[in-house]
Number of protein chains: 2
Amino acid sequence: MKVLIADDDRDLLNLIAFTLTQASYLVVKATDGPAAIRAFDEESPDLAVLDINMPGASGFQVCETIRAKSRIPIMMLTVRGEEEDLIRALDLGADDYLTKPFSPRTLLARIKALLRRAGLESSAPAAAGRVALDVQEHTVRISGGAPIRLTKLELRLLQMLLANANRTVSSDRLLVQVWGHRNSGDRQLLKQLVHRLRHKIEADPASPQLLQTSAGTGYKLVVD
Amino acid sequence: MKVLIADDDRDLLNLIAFTLTQASYLVVKATDGPAAIRAFDEESPDLAVLDINMPGASGFQVCETIRAKSRIPIMMLTVRGEEEDLIRALDLGADDYLTKPFSPRTLLARIKALLRRAGLESSAPAAAGRVALDVQEHTVRISGGAPIRLTKLELRLLQMLLANANRTVSSDRLLVQVWGHRNSGDRQLLKQLVHRLRHKIEADPASPQLLQTSAGTGYKLVVD
DNA sequence: TCAACCGGTTATATGGAGGTAACAAACCGG
DNA sequence: CCGGTTTGTTACCTCCATATAACCGGTTGA
């Protein structure tokens, strides 16, 4: 689990980095807005912690930029007494905020909560019905069969479908969740991915039992 | 395994000492800064636990003094709400911190973690299945064969993999654990290290039985 | 009826990840 | 200071996941 932290206060940055590292997160640091955006592009973190007051681009701009490309959870940091900032931050798509000063432990707890909410929680081996997903090993087992190895994208897709087991997920949502950006014009990618995944997990890929199509909307994972 | 504890609160000191003694550590006690430094010089402990607020020299000074002479793991104790202290402590080279109040059990767990990280773990020579690691001697034995000498990095890599035997460990995590910092862009180092280690421990390095790669994720040690 | 659209399939190009080798730099004990 | 070992760096190769494109059949609605 990789976390991007952006704050121009180097001491605070290091303290946060240390705390998260101890909790076995991977940390990517940035001390100003442009660096944060660069780090986001290069490292593709799973979560971002952004200070609002930073030189270069403000936390707002960083938040907006990231949101334009990705749906990862974003937590904003602000100083007490500037609550109106928060409204703007949440408008721009931030998921949570924390008011300085805060204890490292608090930050850690909130980060865990965010990740849990985003369904990215590291440990939990997600499972529903006959589909058992092992995120760490990148494998699925269907009806207790042999583990099937999945690629990164296949795993993401299954994660999303599994999180909404037995319910249709729209193609647009899947595109955003799996690829992070992409306009919904890019359906070809999803078609391909579904096709490949079916060949891996379906007994008869021509008539899918698990990964079914919901015509005109999207796909659903039927787990019984 | 010898542990130095410095805290001016005698009750807490005794509680910690008792806990550690029960866990079969040797304990050296000090109730102020100068005593702590003296004890360090005379007893050469393997790890130090330092309260930040102490009469005489503060925990900071003690930390600095010890760091100037030694690389033993240092854990700082502080009271809740003084997080800025931690920044300074970590700057001075402390390895971990704990906020009072804490449970003895927590302290013990963190101490063990520190020792493990430093490769000083007292407990049983790490082993799982056919892989037996002797951390002191920097050697492995595979299926009871002859001991194989390992370099520092090889040892650490193997330690990490052994600690998660039969489970995939992500490349990013391995990089952080083995090299300590590093941007995760530096996968080449890991590739090389894996390559070298395979040539040492695998019967046929071209088709690894022990140190297997999990494509797109990382590596795992299969010990059966 | 037919054109537009949707979903499935196949084929091919491309880029990144991992393996290997060779070499350079740093380290270390004598 | 020397020689060997360990670690870091660069380059190249291969393979596979992903991206891109084209084609097919079915459905729908003008």
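Chain letters run A, B, ... following the sequence lines, proteins first, then strands; residues in each count from 1.
Of the inter-residue distances, the one linking Thr168(B) atom OG1 with Leu174(B) atom CG reads 10.0 Å to the nearest 0.5 angstrom. To the nearest 0.5 angstrom, Tyr219(A) atom OH is 8.0 Å from Leu211(A) atom CG. Atom-to-atom distance recorded for Lys191(A):NZ and Ser171(A):OG is 11.0 Å, nearest 0.5 angstrom.
A sub-4.0 Å separation between OP1 or OP2 of dT18(D) and a side-chain N or O of Thr151(A) is present. Within the 4.0 Å cut-off from OP1 or OP2 of dG8(C), at least one side-chain nitrogen or oxygen of Tyr219(A) is found.
Taking a cutoff of 4.0 Å between a charged side-chain nitrogen and a carboxylate oxygen, Asp96(A) and Arg110(A) qualify as a salt bridge. Comment: Arg167(B) does not engage Glu137(A) in a salt bridge, judged by the lack of any side-chain N to carboxylate O separation of less than 4.0 angstrom. With respect to the salt-bridge test (charged N to carboxylate O, under 4.0 angstrom), the residues Glu154(B) and Arg196(B) do not qualify. A salt bridge does not link Asp204(A) to Arg198(A): none of the charged side-chain nitrogens sits closer than 4.0 Å to a carboxylate oxygen. With respect to Arg187(A) and Asp172(A), a salt bridge is recorded, a charged nitrogen being found less than 4.0 Å from a carboxylate O.
A straight line from CG of Leu153(A) to P of dG16(C) spans 14 Å, rounded to a whole angstrom. Counting to the nearest Å, the P atom of dG15(C) and the CG atom of Leu189(A) are 15 Å from each other. The distance from atom NE2 of His138(A) to atom P of dT18(D) is 11 Å, rounded to the nearest whole Å. Regarding Leu190(A), its CG atom lies at a distance of 13 Å from the P atom of dC6(C), rounded to whole Å. Look at CZ on Arg187(A): it is 18 Å from P on dT9(C), rounded to the nearest Å. Here dT20(C) presents its P atom at 16 Å from NZ of Lys200(B), a figure rounded to the nearest Å. Atom CZ in Arg149(B) sits roughly 13 Å away from atom C1' in dG4(D) (whole-Å rounding). The interatomic distance linking Gln188(B) (CD) with dA21(C) (C1') rounds to 11 Å, in whole Å.
Within residues 205-216 of chain B, no residue has any heavy atom closer than 4.0 Å to DNA chain D. Using a 4.0 Å cutoff on non-hydrogen atoms, the parts of residues 191-198 of chain B near DNA chain D are Gln192(B), Arg196(B), ordered by number.
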**Report entry** side chain to side chain donor-acceptor pair (under 3.5 Å) between Lys220(A) and Asn164(A), worked out
**Finding:** CA-CA 8 Å; Lys220(A) 72 161 115 172; Asn164(A) 303 54; over 6 Å; no
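The side chain of Trp179(B) lies closest to dG8(D), out of dG8(D), dA22(D), dT18(D).
Along DNA chain C, the nucleotide closest to His199(B) and the one closest to Lys152(B) are compared, and the more 5′ of them pairs with His199(B).
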